[in-house]
Amino acid sequence: MGLLSHLATLPLAPVRGVAWVMQRTLDAAEQEYYDPEPVERELAELERALLAGEISEEVFDRREDELLDRLDEIRAHAQGTDI
């Protein structure tokens with residue numbers, strides 16, 4: 001029966017292949033989106049820019065809040081909860 005069902009569904013192989021590729025692409029995109037390293041790197045760069053006098057306190061505070069919110073979102077996703 002396994003061989004017969006495989007042969008009967010053979011015309012659907014391209015569709016299954018496309019679905020598999022789409023799922024792998026989605027997985028990779030999610031992994032990249034929920035990676036905290038770039039956000040942490042940007043926070044460090046932001047602090048460096050503030051200390052070097054390249055940005056104002058106001059710009060620093062606004063951008064820091066955005067990045068910390070993003071880190072909260074990443075951590076919530078890692079724990080399996082939504083914000």
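FYI, the numbering just counts along the sequence from 1.
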Query raised in the report: So, do Val59 and Leu50 sit near enough that their side-chain heavy atoms are less than 4.5 Å apart?
Result: no
Query raised in the report: What distance do Leu46 atom CG and Leu51 atom CG have between them, rounded to the nearest 0.5 Å?
Result: 10.0 Å
Requested in this report: May I have all residue pairs that pass side-chain hydrogen bond (donor to acceptor under 3.5 Å, both in side chains) and include part of residues 52-62, sequence neighbours excluded?
Outcome: Arg48-Glu54
Requested in this report: Could you note down all residue pairs passing ring-ring contact (aromatic ring centres under 6.0 Å, His included) where residues 7-31 supplies at least one of them, sequence neighbours left out?
Outcome: none
Report task. Decide if atom CD of Glu45 counts as having more than 12 heavy atoms of other residues, nucleotides or ligands within a radius under 6.0 Å. Result -> yes
Query raised in the report: Does Met22 sit in a hydrophobic cluster with other residues, and if so which ones, taking ILVMFWY side chains as linked at heavy-atom separations under 4.5 Å, directly or through other members?
Result: Val18
**Report entry** Set of salt bridge (charged side-chain N to carboxylate O under 4.0 Å, His left out) partners for Glu64, sequence neighbours left out
**Finding:** none
Report task. Quick one: which residue pairs count as a ring-ring contact (aromatic ring centres under 6.0 Å, His included) with a foot in residues 38-61, not counting sequence neighbours? Result -> none
Query - Any residue meeting side-chain contact (heavy atoms from CB on, under 4.5 Å) with Glu37, in chain and number order, not counting sequence neighbours - result: Asp35, Arg41
Report task. Starting at CG of Leu71, measure out to CD of Glu66 and round the result to the nearest 0.5 Å. Result -> 12.5 Å
Query raised in the report: Mind checking what makes side chain to side chain donor-acceptor pair (under 3.5 Å) contact with Glu40, not counting sequence neighbours?
Result: none
Query raised in the report: Which pairs pass salt bridge (charged side-chain N to carboxylate O under 4.0 Å, His left out) with one or both residues in residues 13-31, sequence neighbours excluded?
Result: Arg24-Asp27
Query - Atom pair CG (Leu67) and CD (Glu47), whose distance is rounded to the nearest 0.5 Å - result: 12.0 Å
Requested in this report: If a pair satisfies ring-ring contact (aromatic ring centres under 6.0 Å, His included) and one of its residues is in residues 23-47, list it, with sequence neighbours excluded.
Outcome: Tyr34-His77
